[in-house]
Student: 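Here it is: the structure, laid out below.
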Protein chains: 2
Amino acid sequence: MNRRDRYSGDLELFELLEKLGELTDATGIPELLGRLLDIYGLKTVAYLGSGVTAQPGQSPYLAVTYSNEWVDHYKAQRFVDIDPTVQIGMRRMLPIDWDEFDRADEDVRRLFGEAKEFGLGRRGISLPVHGQHGDRALVSITSDASDRDWRYLRLHYMRDFQMLALHMHQAILRLEGKTVEQARLSPRERECLLWVAEGKTAWETAVILGLSEHTVRCYLESARHKLGAANNTHAVNKAGKASLLTQLP
Amino acid sequence: MNRRDRYSGDLELFELLEKLGELTDATGIPELLGRLLDIYGLKTVAYLGSGVTAQPGQSPYLAVTYSNEWVDHYKAQRFVDIDPTVQIGMRRMLPIDWDEFDRADEDVRRLFGEAKEFGLGRRGISLPVHGQHGDRALVSITSDASDRDWRYLRLHYMRDFQMLALHMHQAILRLEGKTVEQARLSPRERECLLWVAEGKTAWETAVILGLSEHTVRCYLESARHKLGAANNTHAVNKAGKASLLTQLP
DNA sequence: CGTAAATCCGGCAGATGCGCCGGATTTCGA
DNA sequence: TCGAAATCCGGCGCATCTGCCGGATTTACG
């Protein structure tokens with residue numbers, strides 16, 4: 001909790017954000033994370049991205065300041081299945097303090113106990129990030145700060161962390177080259193797809209929209225073509241991730 | 001740009017966040033937005049939510065400090081179709097300054113020109129918010145601040161706005177009672193659904209997973225039941241919105 | 001120690017999806 | 001003024017999905 005007591009310390013956040021925006025390849029990430037630790041007096045920081053790469057069923061994207069030993073141990077123990085930061089944090093919208101997790105659970109206690117041995121801080125926060133295309137990430141920081149410093153950190157720098165998490169995810173997306181070719185669906189196509197996504201059959205959709213069943217099938221067909229989808233299910237999934245189904249234009 | 005020059009001004013942000021968390025019904029929102037304008041010296045603030053309510057094809061959720069005249073005029077002119085804050089802002093992850101929009105476009109110039117007449121500020125920022133279930137929102141603020149003050153506001157309070165936008169969306173979701181019953185899918189069920197979502201047939205999925213086609217159909221059937229879905233397409237849509245398809249657990 | 005859930009397998013009838021054939025008018029921008 | 005795209009409509013054959021019948025073992029939890 002140094003250097004940041006003056007308001008002008010904001011400059012260091014801007015510096016980080018700028019560097020994130022200028023990253024050209026993943027090799028610069030570790031240094032950036034290290035700088036982040038420095039600035040905020042943290043013990044560790046970790047980025048876990050899901051749906052960041054193009055292929056489905058891919059393993060998640062990881063960028064951490066943890067030791068390799070901890071990462072290996074974590075994987076070997078399949079901690080991801082019980083880790084509340086992942087299990088709960090990934091399913092939230094707002095950040096969560098690790099203190100809120102259930103320490104009565106023996107598995108959880110073991111996880112955090114071993115984490116500490118491997119160099120993670122006693123306290124932590126996880127910040128979920130939601131991207132536009134179903135991609136999401138979890139940025140977790142840990143610290144060994146005193147109660148007082150930790151409270152201070154949470155109060156005054158949560159915003160910074162929120163912003164850093166967002167920009168970090170954006171940077172990773174840019175580096176991973178996940179570009180989504182935004183197919184443009186016509187209003188009718190979108191409308192038909194929307195109702196099909198709700199489980200309606202072509203006939204039901206036709207009734208809802210006051211069209212003939214055949215017309216609905218035609219719209220669905222062209223929607224599939226535009227989206228490069230193999231079937232309606234695929235099309236709904238693609239359109240959903242491209243947020244083409246959330247009404248509006 | 002008053003009252004906030006001291007660092008302790010943070011208290012006002014916390015006060016807003018706390019009030020947002022304590023909202024019990026929508027009637028308290030206008031007062032809260034007004035308080036926000038006061039604190040940051042803004043001209044207007046607007047919340048536009050999409051996918052916030054349960055029904056599909058619903059009109060978006062709106063909470064603004066604009067005059068009713070502007071809202072009516074906006075709707076009558078169908079400005080939503082050309083409004084870059086919606087068209088572009090809603091499709092981004094990071095905030096965008098209204099200065100970045102194409103002022104060469106005649107429609108856009110007309111929109112912002114008329115907006116100013118109806119009491120919106122000259123400058124603006126829109127902050128996209130992405131929820132967990134395909135829901136999203138756009139929080140837009142405007143100001144008539146001088147160039148210098150505006151730059152200052154952007155630099156130092158973007159974090160606050162980001163956080164306010166997030167918490168505002170969370171509060172609206174809570175008020176609108178959009179609760180997603182988290183069905184728990186077994187690993188196999190999720191896996192099958194994942195590949196079906198990628199456009200694979202049951203047979204293809206069976207080959208990929210090394211199962212019999214019939215077994216895949218069984219998993220899909222139970223997945224549909226658990227999700228309360230009418231068919232695979234519906235199931236994929238529901239599971240996707242519940243982020244059950246983003247591998248990991 | 002029973003119960004529940006997860007993991008697997010087979011078959012069948014009817015509904016639905018899918019692709020491709022044909023046709024039409026209107027609208028909008030180049 | 002020409003063409004492209006959006007809006008509509010009908011039919012046919014085959015592939016796939018869906019629901020429901022039956023069976024099995026293993027694992028975990030109380």
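Convention: sequence-line order gives letters A, B, ...; per-chain numbering from 1.
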Student: List the atom of A:I96, the atom of A:G89, and the distance in Å for their closest heavy-atom pair.
Tutor: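 Answer, listing the atom of A:I96 first, then A:G89: CG2-CA, 4.4 Å.
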Student: Using the ring of each side chain (for Trp, its six-membered ring), is A:W98 parallel, tilted or perpendicular to A:F112, with breaks at 30° and 60°?
Tutor: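 Judged by the thresholds at 30° and 60°, the geometry between A:W98 and A:F112 is tilted.
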Student: Does any N or O in the side chain of B:Q87 come within less than 3.5 Å of the main-chain N or O of B:V80, such that one atom is a donor and the other an acceptor?
Tutor: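 Yes, because the side chain of B:Q87 sits within donor-acceptor range (under 3.5 Å) of the backbone of B:V80.
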Student: Please determine whether a side-chain nitrogen of the Lys or Arg among A:D97 and A:R123 lies less than 4.0 Å from a carboxylate oxygen of the Asp or Glu.
Tutor: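 Salt bridge flag = no for A:R123 with A:D97.
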Student: Quick one, give me the B/S/- string for nucleotides 13-20 of chain C, reading 5' to 3', where B means a protein heavy atom under 4.0 Å from the base and S means that only happens at the primed atoms, P, OP1 or OP2.
Tutor: ----BSSB
Student: Please find the earliest and latest nucleotides of DNA chain D, in the 5' to 3' direction, that have an atom within less than 4.0 Å of any heavy atom of chain B.
Tutor: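 With heavy atoms of chain B under 4.0 Å away, the range is D:dC17 to D:dC20.
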Student: Given 3.5 Å as the limit, does a donor-acceptor pair link the side chain of B:T142 with the main chain of B:T44, or not?
Tutor: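 Between the backbone of B:T44 and the side chain of B:T142 there is a qualifying donor-acceptor contact (under 3.5 Å).
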Student: What is the minimum heavy-atom distance between A:H169 and A:A137, and which atoms define it?
Tutor: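 Nearest pair, atom of A:H169 first, then A:A137: ND1-CB, 3.4 Å.
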Student: Need one value for A:T215: base, sugar-phosphate or nothing, where a base atom within 4.0 Å counts as base even if backbone is also close, heavy atoms only.
Tutor: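 Since a base atom lies under 4.0 Å of A:T215, the category is base.
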Student: Which whole-number value in Å describes the distance from B:L185 CG to C:dA5 C1'?
Tutor: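 Atom-to-atom, B:L185 to C:dA5, this comes out as 13 Å.
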Student: Considering only heavy atoms from C-beta outward, does the side chain of B:W195 approach that of B:V216 to under 4.5 Å?
Tutor: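 No, their side chains stay 4.5 Å or more apart.
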Student: Can a salt bridge be assigned to the pair B:E221 and B:R217 using a cut-off of 4.0 Å between side-chain N and carboxylate O?
Tutor: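 Not counted as a salt bridge, because no side-chain N and carboxylate O are separated by less than 4.0 Å.
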